[in-house]
Structures are given as structure tokens and as C-alpha cells.
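Here the structure is laid out as C-alpha cells; the discussion comes afterwards.
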Amino acid sequence: MMLRRTRAKQVAPVYELFIRDYPSPDEMYRADSNSLRSSLKPLGLNWRIAQFEALGRDLVRDFGGHVPTTREELVQLTGVSDYVADAVLVFALGQPRAVIDANVARVIARYFGLREHAEARRDGQVRELADGLLDRAHARDYNFAMLDLAALVCTARNPKHDLCPLRRTCAKAANAKAVAS
DNA sequence: TTCCTGATGC
DNA sequence: GCATCGGGAA
């Protein structure tokens, strides 16, 4: 939830302190409101603070203080939708699903020569292609690899085509090369 | 300026 | 379908 529209580098230190200060949903729920606020303030998007409080309430009231393990239950939680639910299923539970954030959607759109647009995440064609790419036996590594590729190489601005491991079969790289020559 | 491992309300 | 939220880095 901290990673929504927020860089991993910015989240990392906040996350470490947060997990230390509130080691369980119950302790987050019982935490002082000002304490929670100051913990999350460095991330911006301050309406998320109220969401964390509501999430703690949801977890304690509806799930006995435990994070649920099915997609249907996860998306019932305040602040949890497709992305967060899939991320929990993959990174916490190791289930074979494709995590699709704005960046992964961009990578897929570029690679297959589709039009890049703001709502590519919800594009049925993009989601279908993502499911096809998924290495089901190594879902965690696959998804980390996609996120890292998107963040480090296939960036929104100035993508590093010459460093990209997919450059030989990528529609966008072929296009960029044609334009350059 | 733009963008970052989006979800929500309208 | 679309604006909105936000600090931080490039």
C-alpha cells in the first residue's frame, strides 16, 4: 500500500520503521493516531493515513487481526484493489499471478507494440498478455524481475534500450533503432 | 516539469 | 471515464 504511486527508494526506510513500530495489524490498529500520522507523513498522499487506520479496523474486526489469503477477501479491505491484492498473493503467499502496475503495463505495451496509455493497467489485452508471460513456477522472481526492469531499464522517460535484455525482440526497441538510423 | 510497484469518488 | 492526492528525486 505504501508503494502506490510512490518510489520504492522513498518507501524502504518508512516501511522498516513502520514494521518495527507496528509489528502486527492489531498493534497498528491500537496505535496512537498521531504516531501513525508521523510514521506515514514522509510518503505524502496523506489520505493514505486514514486508509491505514481503516485497514487496521477491517483486519481486526473482519479477519481476527490476520491478513486474509484469498483475492475476494483481500479486495474487501480498505485501500486494497487489484494491484495490492495481487502483490500480497504473489510476494507474501507465493501464488502464481501477474502483478500489473502502471510500469509493468508500460513494459508490456511497448514490447508488443501496443499504444501506451494511462489506463493500460486495466486494459484487458495487456492483462491477458501479462498472464501469458508469467512464469508460474517462479512467480515471485518473475514479478520482481518485471518491476525491476520497468523501474531501472524500461523507464517512462529515456528508456535504456541498449541495456535492455529484451531489446532483440521488443517492438519498441526495433522502432527506436529504426528512427535513430 | 514529470513521475513514482493506485485506489477512490464522482 | 477522469481528476485527485503528495513528498521526493531527476
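Proteins come first, then strands; the chains are lettered A, B, ... in the order of their sequence lines, and each starts at number 1.
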Listed by chain and number, what are the side chain to side chain donor-acceptor pair (under 3.5 Å) partners of [X], not counting sequence neighbours?
{"X": "A/R167", "result": "none"}
{"X": "A/Q95", "result": "none"}
{"X": "A/T69", "result": "none"}

Report, one line per pair, each donor and acceptor closer than 3.5 Å where one atom sits in a side chain of residues 44-60 of chain A; sequence neighbours left out.
unit_1, atom_1, unit_2, atom_2, d
A/R48, NH1, A/M1, O, 3.2
A/R48, NH1, A/M2, O, 3.0
A/R48, NH1, A/R4, O, 3.1
A/R48, NH1, A/T6, OG1, 3.3
A/R48, NH2, A/T6, OG1, 3.1
A/R48, NH2, A/L43, O, 3.3
A/Q51, OE1, A/R4, NH1, 3.3
A/Q51, OE1, A/R4, NH2, 2.7
A/E53, OE2, A/S33, OG, 2.9
A/D58, OD2, A/T78, N, 2.9
A/D58, OD2, A/T78, OG1, 2.7

Q: Can you sort out which residues in residues 62-78 of chain A have a heavy atom within less than 4.0 Å of DNA chain B? Ascending by number, please.
A: A/T78
Q.
Among residues 111-143 of chain A, which ones have heavy-atom contacts with DNA chain B below 4.0 Å?
A.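 Going residue by residue through residues 111-143 of chain A, the ones with a heavy atom under 4.0 Å of DNA chain B turn out to be A/R121, A/R122.
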Q: Name all residues meeting the salt bridge (charged side-chain N to carboxylate O under 4.0 Å, His left out) criterion together with A/D26; count only those two or more places apart in sequence or in a different chain, and write none if there are none.
A: A/R30
Q: Have a look at A/M146 and tell me which of A/I100, A/V99, A/V104 forms a side chain to side chain contact (heavy atoms under 4.5 Å, CB included) with it.
A: A/V104
Determine the Euclidean distance between corresponding [atom1] atoms of [M] and [N]; express it in Å to zero decimal places.
{"N": "C/dA3", "M": "B/dT2", "atom1": "P", "result": "14 Å"}
{"N": "C/dC2", "M": "B/dT5", "atom1": "C1'", "result": "22 Å"}
{"N": "C/dT4", "M": "B/dC3", "atom1": "C1'", "result": "15 Å"}

(Q) Test of understanding: with side chain to side chain contact (heavy atoms under 4.5 Å, CB included), list the residues that count as partners of A/E128, not counting sequence neighbours. (A)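 Per chain and number, A/E128 pairs via side chain to side chain contact (heavy atoms under 4.5 Å, CB included) with no residue.
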Q.
Suppose the criterion is ring-ring contact (aromatic ring centres under 6.0 Å, His included): which pairs have a residue in residues 58-114 of chain A, not counting sequence neighbours?
A. A/F91-A/F144
Q: Looking at every strand, decide which applies to A/A102 at a 4.0 Å heavy-atom threshold: base, sugar-phosphate, or nothing.
A: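 Result for A/A102 = sugar-phosphate.
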Q. Would you find more than 12 non-hydrogen atoms of other residues, nucleotides or ligands less than 6.0 Å from A/R61 atom CZ?
A. yes
**Q.** Where chain A begins and ends its contact with DNA chain B, read 5' to 3' at 4.0 Å from heavy atoms
**A.** B/dT2 to B/dT8
N/O to N/O distances under 3.5 Å, protein versus nucleotides 7-10 of chain C:
unit_1, atom_1, unit_2, atom_2, d
C/dG7, N2, A/Q10, OE1, 2.7
C/dG8, N2, A/R7, NH1, 2.5

Would you give me the side-chain donor-acceptor pairs under 3.5 Å for residues 147-163 of chain A, sequence neighbours excluded?
unit_1, atom_1, unit_2, atom_2, d
A/T155, OG1, A/R157, O, 2.8
A/T155, OG1, A/N158, O, 3.3

Q.
My understanding is that only one of A/R71, A/R121, A/R122 makes a salt bridge (charged side-chain N to carboxylate O under 4.0 Å, His left out) with A/D82; could you say which?
A.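 Going through A/R71, A/R121, A/R122 one by one, the salt bridge (charged side-chain N to carboxylate O under 4.0 Å, His left out) with A/D82 is satisfied by A/R71 alone.
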